[in-house]
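Written below as structure tokens is the structure these notes are about.
Indexing begins at 1, ligand by ligand and atom by atom, following the structure's order. Counting begins at 1 with the first residue of the sequence.
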Amino acid sequence: MTQLSRRKLMVNGVTIAAGASALGVAARLAQKYGLIAPDHGGLYGPGKTLTYASLRLLTRHSLAREFSKNKISKRPFPNEVGPFSEEFKRHQSEGFANWRLTVDGLVDKPSVFSVSQLKSYPSRSQVTELVCEEGWSYIAEWNGVALSHILDLVGTHSQAKYLVYYSIEPDWWESMDLADAMHPQTFVTYGMNGDDLPVGNGGPIRIRLPRQLGYKSVKFINRLTVTDDLKKFGKGLGSASPEGGYAWYAGI
Ligand SMILES: Nc1nc2c(c(=O)[nH]1)N[C@H]1C(S)=C(S)[C@@H](COP(=O)(O)O)O[C@H]1N2
Ligand SMILES: [Mo]
């Protein structure tokens, strides 16, 4: 997409010729729509802001590729997960009956959901690919509730711009903009290939964000926070990833 933004930028059906003026237009649009990645200092630095802005303007409504069920990978390779904490093992031994997902921040009704409550909402599925930044990937069917359903239940305030999401694993937290949070393929996932989501793949619940790289699909989630400003979180870069050198926006 960096190449695309250098060559020509299509905005609202208008193709703008290459060069400084196109970058200027993209920069102005980025500013107007608040499309500035939090891990990026200013508008004119390395491609990130323009990549994020042009991707957003071009692909706001696009779908991640979905596959037919016969493309489901034979053996999903769970990513390495650290040794589980005593707290996690206790939840596991209780069949996750006491696992809770807290939703707070800029919402009308701060709420707490159990896994069975999440399962009682309209269930959706998608067969999509999880793509790790390290070069491997697999295709699975993901079963869950649309994140937009949960956000509609709690009611987000009009100034809400981002969703921050946390794992029970320390140091695993991410965020996405509301365009991704409300996107129909973004799930709170509790199932895989028709079964409960295996612990190795993030059970009892994980975020599934198929339009971004695997590291944005955080496993073992227990908290969602709606916010208008990512600067208040961690080192202010939007998530743990940029603190470790990975892009906040990992669109694919
Ligand atoms: N809590 C937590 N979430 C996580 C990770 C992790 O180690 N801990 N790894 C991430 C990375 S880098 C990838 S590629 C995917 C891997 O998903 P998988 O275990 O289903 O293969 O989970 C992501 N979510
Ligand atoms: Mo990854």
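Atom 23 (C) of ligand 1 has its closest protein heavy atom at Gly214 O, 3.3 Å. For atom 11 (C) of ligand 1, the nearest protein heavy atom (residue, atom name, distance) is Asn79 ND2, 3.2 Å. Among all protein heavy atoms, the one lying closest to atom 8 (N) of ligand 1 is Glu169 OE1, 2.6 Å.
Taking every heavy atom of Gly200 and a limit of under 4.0 angstrom, the matching atoms of ligand 1 come to 19 (O). Under a 4.0 Å criterion applied to the non-hydrogen atoms of Val218, ligand 1 contributes the atoms 3 (N), 24 (N). Residue contact check: Tyr138 has heavy atoms under 4.0 Å from atoms 18 (P), 20 (O), 21 (O) of ligand 1. Near Ser217, meaning under 4.0 Å from one of its heavy atoms, ligand 1 places the atoms 22 (O), 23 (C), 24 (N). Distances below 4.0 Å separate heavy atoms of Cys132 from the following atoms of ligand 1: 14 (S).
Within the structure, ligand 1 has Arg206 among the residues with a heavy atom less than 4.0 angstrom away.
Relative to atom 10 (C) of ligand 1, the option among Tyr166, Trp173, Trp172, Trp136 with the closest non-hydrogen atom is Trp172.
Of the polar atoms of Glu133, none of the N or O atoms is found under 3.5 Å from an N or O of ligand 1, judged by distance alone.
In this structure, the side chains of Asn201 and Arg206 come closer than 4.5 Å at one or more pairs of heavy atoms.
No donor-acceptor distance shorter than 3.5 angstrom exists from the side chain of Asn143 to the backbone of Ser125, with no hydrogens or angles considered. A side-chain donor-acceptor contact under 3.5 Å links Ser73 to the backbone of Ile139. With hydrogens and angles disregarded, a donor-acceptor distance shorter than 3.5 Å links the side chain of Ser217 to the backbone of Leu209. A donor-acceptor contact shorter than 3.5 Å links the side chain of Lys216 to the backbone of Ser175.
Neither the backbone nor the side chain of Val81 has a heavy atom within less than 4.0 Å of ligand 1. Contacts with ligand 1 closer than 4.0 Å are made by heavy atoms of both the backbone and the side chain of Lys219. When heavy-atom distances to ligand 1 are checked against a 4.0 Å cut-off, Glu134 has no atom that comes that close, whether in backbone or side chain. By the criterion of a heavy-atom distance under 4.0 Å, the side chain of Ser167, and not its backbone, is placed next to ligand 1.
Stacking of Arg223 on the aromatic ring of Tyr166 is recorded, both the 6.0 Å distance cut-off and the 45° axial limit being met.
Side-chain atoms of Thr102 and Asp104 include no donor-acceptor pair closer than 3.5 Å.
Aromatic ring centres of Phe220 and Phe84 lie closer together than 6.0 Å.
Checked against side-chain contact (heavy atoms from CB on, under 4.5 Å), Ser137 has the following partners two or more places apart in sequence or in another chain: Glu129, Val131.
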* Report the C-alpha separation of His149 and Arg124 in whole Å, then their side-chain angles, then the decisive distance to 0.1 Å, and conclude whether the side chain to side chain contact (heavy atoms under 4.5 Å, CB included) test is met. => CA-CA 11 Å; His149 186 87; Arg124 304 271 287 278; over 6 Å; no
